[in-house]
Participant: 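Below is one structure. I have some questions about it.
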Amino acid sequence: MADRILLQALDGKTLKVPPVWMMRQAGRYLPEYRKIRAEAGSFLDLCYSPVFATEVTLQPIRRFGFDGAILFSDILVIPHALGRDVRFVQGEGPRLDPITVDEIERLTTENLHSRLEPVYETVARVRDKLPSETTLLGFCGAPWTVATYMIAGRGTPDQAPCRLFARKHPDAFQKLVDILVESSISYLVRQLDSGADAVQVFDSWAGVLDPDSFVRWSLKPMIEIVEGVRKVHPGARIIGFPRGAAFNLLNYVEKTGVNAIGLDWTVPLDWAKMHLQPSVALQGNIDPLLMISGGKALDGAVDAVLEAWSDGPFIFNLGHGITPDGKIDHVQQMIDRIRHNR
Ligand code: CP3
């Protein structure tokens, strides 16, 4: 494990050349992914097939030699394992039956692990096949972000249905968040048991919360998750990604005790270096659209990150997932530029 530079960065080490991986690195921008996706059937079939999920997790490692592999799955397997109906509609994204107050009261975690067993098997298979120097990242969605899909039944631009639900039914919403905290802890623990080297918690919709709601629905649940995971796996390495958290980032880093903070492309590089990097490794934060446009602007953005963050621990990544129209050549261009001194 000593050769896994992504783990070294998570442990606070400053490296000459940073580790690099990309959110959504296994995805539709890769022809080899599209091929397996078509063979697997539904998207959830792909997530629950250890053979296919292992294959697509490894694809970007074979093609680009990233320093980190991220388990191929989805944040919505948790609601599915809690017994909710989850479907992925081609070209439209996820669809769930919006959960009601009564249904929240009846939610139970009793079948959670039996449904998620194939995911743990995928983790073990991937770890077995990965090169020794490649870090394996497990993940889950943060309770707030998962709840936004459970309440609205789909992605929405500003998460208004969920924000409104939390205001109208704070007790029921607290219950839902508590169940998601409990599920996330045991889900991440099982991924670590199965061979994940570190885990990332995606709070993709943290940026729509007012400051008090951020504390209640994003920060507190994350504190509980970090504590709960480390109770079983002391020293577990955890990356938090509260996308759009802006003014709340400093508080999040200080209170949660994450090893690294994922930053989206709106966060100024110098500010992150000055205020966050002294206490935590940074991860990010290239605009994913640069993977479509490429060119000198991409080189400039890569250089800016390297220049700003190289005096401290950091992990090179995008500020959010690569889109299906991202270009393979531009991904290679980014990697070559990062590694030209390695
Ligand atoms: O490569 C990786 O990063 C690992 C796999 C991964 C997926 N989803 C695969 C996926 C990860 C880490 C996720 C996380 C996820 N899923 C998040 C948090 C990160 C983020 O992007 O904000 C969220 C919000 C979801 C929910 C979700 N899943 C949405 C909104 C969609 C539809 C959008 C889209 O790109 O189609 C998905 C589907 C999904 N998850 C795809 C992939 C590769 C595309 C589905 C397909 O191949 O048909």
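Hydrogens, waters and symmetry mates are skipped; everything else that's a heavy atom, side chains included, is used. Counting starts at 1 for both ligands and their atoms, in listed order.
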Participant: Counting only heavy atoms closer than 4.0 Å, does ligand 1 sit against the backbone of R28, its side chain, both, or neither?
Facilitator: side chain
Participant: Within a distance under 4.0 Å of any heavy atom of R37, pick out the atoms of ligand 1 and give their elements.
Facilitator: 46 (C), 47 (O), 48 (O)
Participant: Evaluate side chain to side chain donor-acceptor pair (under 3.5 Å) for D197 paired with T135, printing each intermediate quantity in order.
Facilitator: CA-CA 6 Å; D197 298 304; T135 295; 4.8 Å; no
Participant: Closer than 4.0 angstrom: is that true for some heavy atom of R34 and an atom of ligand 1?
Facilitator: no
Participant: Can you find an N/O atom of F72 closer than 3.5 Å to an N/O atom of ligand 1?
Facilitator: no
Participant: Are any of the side-chain nitrogens in D11 or R4 under 4.0 Å away from the carboxylate oxygens of its partner?
Facilitator: no
Participant: Within a distance under 4.0 Å of any heavy atom of F88, pick out the atoms of ligand 1 and give their elements.
Facilitator: 28 (N), 37 (C), 38 (C)
Participant: Among all protein heavy atoms in this structure, tell me which lies nearest to atom 16 (N) of ligand 1, with the distance rounded to 0.1 Å.
Facilitator: D74 OD1, 3.0 Å
Participant: Is the closest heavy-atom distance from Y33 to ligand 1 below 4.0 Å?
Facilitator: yes
Participant: Can you confirm if the aromatic rings of F173 and H169 lie within a centre distance of less than 6.0 Å?
Facilitator: no
Participant: What atoms of ligand 1 come closer than 4.0 angstrom to any heavy atom of P94?
Facilitator: 29 (C), 30 (C), 31 (C), 32 (C)
Participant: Would you please indicate yes or no on a ring centroid separation below 6.0 angstrom for H330 and Y29?
Facilitator: no
Participant: Taking heavy atoms and a distance under 4.0 Å, where does S73 meet ligand 1: side chain, backbone, both or neither?
Facilitator: backbone
Participant: Looking only at distance, does Q90 have an N or O less than 3.5 Å from an N or O of ligand 1?
Facilitator: no
Participant: Which atoms of ligand 1 have any heavy atom of S204 under 4.0 Å away?
Facilitator: 18 (C), 19 (C), 20 (C), 22 (O)
Participant: When you measure from atom 10 (C) of ligand 1 to each heavy atom in F139, F43, W21, which option holds the nearest one?
Facilitator: F43
Participant: Salt bridge or not for D45 and R37, using N-O below 4.0 Å?
Facilitator: no
Participant: I'd like to know if the side chain of S194 pairs up with that of Q191 as donor and acceptor (distance under 3.5 Å, no hydrogens or angles considered).
Facilitator: no
Participant: If we only consider heavy atoms of G321, is any one of them less than 4.0 Å away from an atom in ligand 1?
Facilitator: no
Participant: Should the proximity of L71 to ligand 1, defined as any heavy atom under 4.0 Å, be assigned to the side chain, the backbone, both, or neither?
Facilitator: backbone
Participant: Are C162 and W144 close enough that some pair of their side-chain heavy atoms sits under 4.5 Å apart?
Facilitator: yes
Participant: Starting from atom 3 (O) of ligand 1, find the nearest protein heavy-atom neighbour and note its residue, name and distance.
Facilitator: R24 N, 2.7 Å
Participant: Name the closest protein heavy atom to atom 14 (C) of ligand 1, giving the residue it belongs to and the distance to 0.1 Å.
Facilitator: I75 CG2, 3.7 Å
Participant: Would you give the length of the straight line joining atom CZ of R243 to atom CH2 of W205, rounded to the nearest 0.5 angstrom?
Facilitator: 5.0 Å
Participant: Is there a donor-acceptor pair closer than 3.5 Å between any side-chain N or O of T57 and the backbone N or O of F72?
Facilitator: yes
Participant: For the residue pair P242 and L249, establish whether any side-chain heavy-atom pair is separated by less than 4.5 Å.
Facilitator: yes
Participant: At a 4.0 Å cut-off, with the gap strictly under it, does some heavy atom of Y149 reach an atom of ligand 1?
Facilitator: yes
Participant: Please check whether H320 reaches ligand 1 - meaning an N/O of the residue sits under 3.5 Å from an N/O of the ligand, judged on distance alone.
Facilitator: yes
Participant: Do ligand 1 and R243 have nitrogen or oxygen atoms that lie under 3.5 Å from each other?
Facilitator: no
Participant: Using distance alone, with no hydrogens and no angle criterion, decide if D102 and T100 have a side-chain donor and acceptor under 3.5 Å apart.
Facilitator: no
Participant: With respect to P143, which candidate in D178, V177, T148 satisfies the side-chain contact (heavy atoms from CB on, under 4.5 Å) definition?
Facilitator: V177
